[in-house]
Amino acid sequence: MDSFGSDFSSGGAGGKMDPGVIMEQVKVQIAVANAQELLQRMTDKCFKKCIGKPGSTLDNSEQKCIAMCMDRYMDAWNTVSRTYNSRLQRERARM
């Protein structure tokens, strides 16, 4: 994140930012935010599903449940993401 702040504050040549650079920085920030949200949602859902009594350690069945839940969640998310991106590309091609 430091590079974003320093690139932005430096203003490039003569105080003007290159719109392409700004767009790439925004895309990176959006990707990071999306990854954080995915991880948070997956953690919440799998914790609620798999952990009956929170304690200092996870028993073997809880560990397996968490691993399987996270795998399924990621598989589902990847499927939805691929389908969504494919649909976006088809819609853009029609324009």
Side-chain angles (χ1 to χ4, degrees):
M1 294 274 214
D2 289 335
S3 66
F4 178 77
S6 63
D7 287 348
F8 189 75
S9 63
S10 69
K16 295 182 181 178
M17 288 293 296
D18 177 14
V21 170
I22 293 171
M23 285 301 293
E24 285 304 312
Q25 290 172 342
V26 169
K27 287 178 183 179
V28 167
Q29 292 297 315
I30 290 170
V32 168
N34 286 338
Q36 289 172 333
E37 182 179 354
L38 171 65
L39 184 58
Q40 185 62 49
R41 284 185 181 186
M42 182 173 56
T43 300
D44 291 345
K45 289 182 183 293
C46 293
F47 183 86
K48 288 177 186 173
K49 180 183 184 332
C50 298
I51 309 301
K53 294 181 179 180
S56 60
T57 61
L58 297 175
D59 65 30
N60 197 29
S61 65
E62 289 171 332
Q63 289 178 17
K64 287 180 182 177
C65 181
I66 291 282
M68 289 175 54
C69 178
M70 292 176 78
D71 285 345
R72 283 193 308 265
Y73 197 93
M74 289 300 296
D75 286 344
W77 189 86
N78 286 331
T79 300
V80 170
S81 180
R82 279 192 304 270
T83 303
Y84 177 72
N85 286 330
S86 175
R87 185 171 181 179
L88 280 178
Q89 288 176 354
R90 283 195 311 266
E91 292 298 319
R92 287 181 184 151
R94 290 182 186 167
M95 294 179 162

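Position 1 is the first residue of the sequence; numbering continues from there. Quantities reported herein were computed from a predicted structural model and do not represent experimental measurements. Below, all heavy atoms of this structure are taken into account, side chains as well, without hydrogens, waters or symmetry copies.
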Q) Within a reach of under 6.0 Å around CE of Met70, are more than 12 heavy atoms found that belong to other residues, nucleotides or ligands? A) no
Q. Hey, does Val26 have a side-chain heavy atom less than 4.5 Å from the side chain of Gln29?
A. no
Q. Between Asn85 and Gln89, does any side-chain donor sit less than 3.5 Å from a side-chain acceptor?
A. no
(Q) To check you understand the geometry: which heavy-atom pair defines the closest contact between Ile22 and Met17, and what is its length? (A) CD1-CB, 3.2 Å
Q. Less than 2.5 Å separating the SG atoms of Cys50 and Cys69?
A. no
Q: Mark yes or no for whether Gln63, through its side chain, and Asn60, through its backbone, hold a donor-acceptor pair below 3.5 Å.
A: no
Q.
What's the separation between atom OG1 in Thr83 and atom CG in Leu88, rounded to the nearest 0.5 Å?
A. 11.0 Å
Q: Taking the side chain as every heavy atom from C-beta outward, state whether Leu38 and Met74 have any atom pair closer than 4.5 Å.
A: yes
Q) Would Met68 end up clustered with Leu39 when hydrophobic side chains under 4.5 Å apart are linked, directly or stepwise? A) no
Q. Quick one: which of Val32, Asn34, Val28 gives a side-chain contact (heavy atoms from CB on, under 4.5 Å) with Ile30?
A. Asn34
Q. With no hydrogens and no angle check, do the side chains of Arg90 and Ser86 hold a donor and an acceptor under 3.5 Å apart?
A. yes
Q. Is it the case that more than 12 heavy atoms not belonging to Arg72 sit under 6.0 Å from its CZ atom?
A. yes
**Q.** Distance (rounded to the nearest 0.5 Å) between Glu37 CD and Arg41 CZ
**A.** 4.0 Å
Q. Which value, rounded to the nearest 0.5 Å, describes the distance between Lys49 atom NZ and Asp44 atom CG?
A. 15.0 Å
Q: Supply the atom-to-atom distance Thr43 OG1 to Tyr73 OH, rounded to the nearest 0.5 angstrom.
A: 9.5 Å
